[in-house]
Amino acid sequence: MNNITATFEPAAKTKFLTSHRKEKAGLHSEYAAVVPCDYYPDRMKAVATLRLYWPASTCYAATWVVFKEAVKAPVEGGSIYSTQGTGSAGGGGYCKASAAADEAIRNAGFKLSSSIHGVGTRAIEEAVIAVARSAGWTDARLHVAHA
């Protein structure tokens with residue numbers, strides 16, 4: 001899992017289920033691509049965030065991405081400034097965190113050059129940076145937090 005790239009597909013149908021957000025009973029970790037803040041040079045801002053929730057045996061993921069510059073929407077004819085997606089993974093015998101993250105990234109409209117489905121959490125780190133770079137943030141750095 002080296003050198004993953006991501007491509008945003010503006011025509012892709014996105015999927016975000018609020019039921020996948022489990023802050024009160026299962027926030028597990030957050031992977032965020034951060035860049036220096038425009039207004040406060042001593043602060044950072046998240047431009048691509050992926051949160052994992054693990055309230056029971058199913059792992060849920062939610063991702064939010066802000067584009068550096070507006071992306072032209074092919075169908076509506078307007079502009080896209082951000083996107084979001086969710087995913088989940090149950091069962092066993094593989095890394096559920098990376099499987100849920102892979103689904104959330106796809107449901108946000110991004111295609112990864114290599115699937116991260118079930119391959120481990122290191123792949124999540126690479127994918128979040130790849131998504132941020134695809135969104136125009138070439139100077140993004142990774143920040144990981146665990147609940």
Side-chain angles (χ1 to χ4, degrees), residues 1-40 43-68 70-71 73 75-76 79-147:
M1 281 289 117
N2 286 339
N3 303 316
I4 292 176
T5 59
T7 305
F8 180 63
E9 300 174 334
K13 184 172 171 36
T14 59
K15 180 179 177 184
F16 189 89
L17 301 173
T18 56
S19 62
H20 284 186
R21 298 201 50 199
K22 312 283 185 188
E23 276 88 352
K24 292 183 180 177
L27 178 62
H28 179 267
S29 53
E30 176 180 280
Y31 298 80
V34 296
V35 297
C37 185
D38 300 335
Y39 303 106
Y40 302 102
R43 297 182 186 177
M44 303 295 278
K45 65 179 178 181
V47 294
T49 304
L50 187 133
R51 289 187 187 153
L52 295 174
Y53 307 97
W54 220 309
S57 60
T58 299
C59 181
Y60 297 92
T63 190
W64 300 267
V65 181
V66 177
F67 295 98
K68 189 168 187 176
V71 175
V75 177
E76 298 84 18
S79 297
I80 300 171
Y81 298 94
S82 64
T83 187
Q84 58 190 7
T86 55
S88 63
Y94 64 104
C95 176
K96 291 190 261 187
S98 61
D102 184 68
E103 186 175 309
I105 290 167
R106 279 187 286 110
N107 284 337
F110 289 89
K111 182 178 181 181
L112 298 175
S113 60
S114 299
S115 173
I116 65 166
H117 184 98
V119 300
T121 55
R122 176 73 178 121
I124 298 171
E125 296 175 2
E126 292 183 36
V128 168
I129 289 297
V131 165
R133 289 186 176 148
S134 176
W137 305 99
T138 57
D139 57 343
R141 301 290 181 255
L142 185 70
H143 177 266
V144 179
H146 296 281

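Heads up: numbering here begins at 1 and tracks the sequence.
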* Structure fact -> For H28, the ring-ring contact (aromatic ring centres under 6.0 Å, His included) test, sequence neighbours excluded, returns W54
* Asked: Do you know which two heavy atoms are closest between V131 and A48, and how far apart they sit?
  -> CG1-CB, 4.4 Å
* Asked: Less than 4.5 Å apart, any side-chain heavy atom of F16 and any of N107?
  -> no
* Structure fact -> In D38, V34, V66, the residue satisfying side chain to side chain contact (heavy atoms under 4.5 Å, CB included) with K45 is D38
* How long is the span from the CH2 atom in W64 to the OG1 atom in T86, to the nearest 0.5 Å? -> 9.5 Å
* Asked: So, do D102 and S115 sit near enough that their side-chain heavy atoms are less than 4.5 Å apart?
  -> yes
* Which atom of V128 lies closest to which atom of A33, heavy atoms considered -> CG1-N, 3.8 Å
* With sequence neighbours left out, write down each residue that passes side-chain contact (heavy atoms from CB on, under 4.5 Å) with A100, or none if nothing qualifies. => C59, A61, A89
* Quick one: closest heavy-atom pair of I124 and I116, and the distance? => CA-CD1, 4.3 Å
* To do: Would you please indicate yes or no on a ring centroid separation below 6.0 angstrom for F8 and F110?
  => yes
* Asked: Heavy atoms, side chains only, cut-off 4.5 Å: are T83 and P10 in contact?
  -> no
* Structure fact -> One should read off an interatomic distance between K111 NZ and T5 OG1, to the nearest 0.5 angstrom, of 10.0 Å
* Structure fact -> In terms of heavy-atom contacts, N3 and E126 come closest through N-OE1, 3.7 Å
* **Reported CE-to-CZ distance for the pair M44 and R141, which is rounded to 0.5 angstrom** => 8.0 Å
* Asked: How about E125 and V144: do any of their side-chain heavy atoms sit closer than 4.5 Å?
  -> yes
* Side-chain (K96) to main-chain (S57) donor-acceptor, under 3.5 angstrom -> yes
* Asked: Any side-chain heavy atom of R51 sitting closer than 4.5 Å to one from Y31?
  -> no
* To do: Side-chain contact test, heavy atoms from C-beta onward, threshold under 4.5 Å: evaluate it for Y94 versus V119 and give yes or no.
  => no
* Enter the distance from S98:OG to L52:CG here, rounded to the nearest 0.5 Å. => 9.0 Å
* Under 3.5 Å donor-acceptor, T49 side chain and T63 backbone -> no
* Of all the heavy-atom pairs spanning L112 and A6, show the shortest one and how long it is. => CD2-CB, 3.8 Å
* How far apart are the C-alpha atoms of I80 and F67, what are their side-chain angles, what is the distance that settles it, and do they pass the side-chain contact (heavy atoms from CB on, under 4.5 Å) test? -> CA-CA 8 Å; I80 300 171; F67 295 98; 3.8 Å; yes
* Closest approach of Q84 to T14 (non-hydrogen atoms, all atoms of both residues) -> O-CB, 3.9 Å
* Heavy-atom donor-acceptor pair, S29 side chain to H146 backbone, under 3.5 Å -> no
